[in-house]
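Shown next, in structure tokens, is the structure this report addresses.
The basis for the numbers below is simple: all heavy atoms, side chains too, and nothing from hydrogens, waters or symmetry mates. Count residues from 1 along the sequence.
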Amino acid sequence: MIPPDHPRYRSLVVRERMAACARQGIVSWEGLTAHGRGEAFDYLIGERTTDSARVAERTAAAMLLAARHPVISINGNTAALAAPEIAALQRACGAIVEVNLFHRTEERVRQIEALLRDAGVAVFSGEAEQLLPLSHDRAWCRREGMYAADLVLVPLEDGDRCEALVRMGKKVIAIDLNPLSRTARTATLTVVDELTRALPAIANACTALSVSERKHLIDSLDNHYLLQEAIVEMTTRLAHALD
Ligand code: ATP
């Protein structure tokens with residue numbers, strides 16, 4: 001039992017949930033270490049949404065609404081951390097939600113899809129094929145889902161698939177607390193924010209943005225600048241950490 005007055009209460013509750021999901025097989029053991037890397041970077045940005053992340057979240061909303069066939073790709077960590085937030089974003093932008101896993105078994109796919117459905121997500125399932133140009137199981141996706149997408153939102157991505165999706169001509173929006181990762185540097189747009197803060201912010205922006213604001217955000221997208229700002233945020237905080 002974690003005492004609610006513990007200074008790290010939220011983080012401890014989330015860790016407990018991730019461990020429980022790992023025991024059930026929803027989160028891979030490797031996924032727990034990826035979560036730890038995310039926590040470390042979140043510490044560095046002060047566990048809050050920075051100004052540049054807010055711009056990235058609004059731009060992500062504009063891109064999702066402008067896309068012809070947007071797909072949100074879900075892995076075990078994303079489902080464990082944010083299934084209700086995925087449902088809300090899907091309602092706000094109308095995207096397809098599809099499970100795509102690095103450590104893929106039919107049983108894990110079924111478990112993650114069930115967790116998402118319980119949270120109110122309309123999951124795009126059905127026959128997966130090895131369609132993405134990758135030598136690992138992330139290659140498996142649906143022909144009418146991710147394969148046909150013009151834009152893919154990839155929370156907590158691995159760099160390989162992000163590169164493959166971009167090479168296929170798709171726009172990729174990543175949510176990744178690490179501005180130095182291959183994913184962050186390869187994506188069309190990277191939201192350097194914690195997943196459970198980023199998803200509601202994107203969903204809210206989907207309903208709040210005017211048509212002209214959306215156009216302006218898309219026209220002024222500069223991912224290199226946004227990543228640079230995230231790094232400046234972290235290094236400035238570090239420089240003054242002991243003041
Ligand atoms: P790459 O292959 O892109 O260089 P990587 O090897 O770091 O990246 P993974 O191990 O798949 O990729 O890690 C997933 C990424 O997700 C990490 O960069 C981590 O910082 C980030 N991450 C983990 N948890 C969260 C979270 N809750 N919110 C946002 N980002 C997160």
Side-chain angles (χ1 to χ4, degrees), residues 28 30-31 34 37-38 53 56-57 59-79 81-82 85-86 89-90 93-104 108-109 112-113 116 121 123-193 195 198-199 202 206 217-218 221-227 230:
S28 67
E30 293 81 356
R37 173 139 62 192
E57 284 156 357
T59 309
M63 289 170 69
L64 280 163
L65 293 174
R68 175 182 45 78
H69 189 76
V71 171
I72 304 173
S73 175
I74 305 291
N75 66 3
N77 282 35
T78 302
L81 288 168
E85 288 86 352
I86 293 290
L89 178 57
Q90 184 180 43
C93 73
I96 283 174
V97 173
E98 180 177 349
V99 174
N100 178 275
L101 303 176
F102 188 81
H103 300 282
R104 186 178 198 281
R108 268 196 86 210
V109 172
I112 293 169
E113 289 183 348
L116 292 168
V121 176
V123 179
F124 191 79
S125 52
E127 193 72 22
E129 300 170 64
Q130 252 177 310
L131 294 171
L132 304 183
L134 290 167
S135 56
H136 53 73
D137 282 352
R138 285 276 209 179
W140 289 84
C141 70
R142 277 86 180 183
R143 194 170 284 279
E144 304 304 327
M146 200 173 301
Y147 184 67
D150 60 336
L151 179 145
V152 188
L153 171 64
V154 289
L156 324 187
E157 181 56 20
D158 75 299
D160 270 12
R161 191 179 57 136
C162 183
E163 279 171 8
L165 292 171
V166 168
R167 271 203 310 275
M168 290 171 81
K170 301 180 193 304
K171 292 192 167 65
V172 177
I173 302 172
I175 299 174
D176 190 340
L177 278 158
N178 177 3
L180 305 172
S181 74
R182 277 184 308 147
T183 300
R185 287 181 288 131
T186 312
T188 317
L189 168 67
T190 307
V191 177
V192 183
D193 200 4
L195 180 70
L199 292 172
I202 298 171
C206 281
L217 284 161
I218 291 174
L221 166 59
D222 180 346
N223 203 43
H224 186 268
Y225 169 79
L226 292 170
L227 292 177

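Across A198 and E57, no two heavy atoms sit closer than the pair CA-OE2, 3.3 Å. The two residues A56 and L226 make their nearest non-hydrogen contact at CB-CD1, 4.1 Å. The two residues A60 and V191 have their closest heavy-atom pair at CB-CG2, 4.4 Å. Nearest heavy-atom pair, R108 versus S28, reported as atom, atom and distance to 0.1 Å: NH2-N, 3.6 Å. Residues C162 and V172 share a closest heavy-atom pair of SG-CG1, 3.8 Å. When all heavy atoms of R167 and P133 are compared, the closest pair comes out as NH2-O, 4.3 Å.
Side chains of R185 and N223: no donor on one and acceptor on the other come within 3.5 Å. Inspection of the R37 and N178 side chains reveals no N or O donor paired with an N or O acceptor under 3.5 Å.
At least one side-chain heavy atom of L132 sits under 4.5 Å from a side-chain heavy atom of M168. Using a 4.5 Å heavy-atom threshold, the side chains of S73 and E98 count as separate. Looking only at side-chain heavy atoms (C-beta outward), D176 and V192 stay at 4.5 Å or farther from each other. With contacts defined as side-chain heavy-atom distances shorter than 4.5 Å, the pair L151/V71 does not qualify. Taking the side chain as every heavy atom from C-beta outward, R142 and Y147 never approach each other to under 4.5 Å. Annotation: side chain of R182 is in contact with side chain of D160 (closest heavy-atom distance under 4.5 Å). When side chains are defined from C-beta on, D137 does not count as touching L101, because their heavy atoms never get closer than 4.5 Å.
Atom-to-atom distance recorded for L189:CG and K171:NZ is 11.5 Å, nearest 0.5 angstrom. Rounding to the nearest 0.5 Å places CG of L156 at 10.5 Å from OG of S181. Interatomic distance, Q90 CD to I96 CD1, rounded to the nearest 0.5 Å: 9.0 Å. Atoms CG and CD1, on L65 and I218 in that order, are 8.5 Å from each other to the nearest 0.5 Å.
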Inset, instruction - Go through the steps to decide whether I86 and L199 satisfy the test side chain to side chain contact (heavy atoms under 4.5 Å, CB included), and finish with yes or no. - result: CA-CA 7 Å; I86 293 290; L199 292 172; 3.7 Å; yes

Inset, instruction - List the steps, then state whether side chain to side chain contact (heavy atoms under 4.5 Å, CB included) holds for I173 with V152. - result: CA-CA 6 Å; I173 302 172; V152 188; over 6 Å; no

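Among residues two or more places apart in sequence or in another chain, the ring pair (Phe, Tyr, Trp, His ring centres under 6.0 Å) test is passed with H103 by none.
Remark: side-chain polar atoms of D150 are paired, donor with acceptor, to backbone N or O of H69 under 3.5 angstrom.
Each of L89, L153, I72 was evaluated against V97; a single residue qualifies, I72, per the side chain to side chain contact (heavy atoms under 4.5 Å, CB included) test. Partner of R161 under the side-chain hydrogen bond (donor to acceptor under 3.5 Å, both in side chains) criterion, out of T186, T183, N100, N75: N100 alone.
A salt bridge links E129 with R143: the distance from a Lys NZ or Arg NE/NH1/NH2 to an Asp or Glu carboxylate oxygen falls below 4.0 Å.
Around NZ of K170, the count of heavy atoms belonging to other residues, nucleotides or ligands within 6.0 Å exceeds 12. Residue F124 qualifies as enclosed at atom CZ: its count of foreign heavy atoms under 6.0 Å is above 12.
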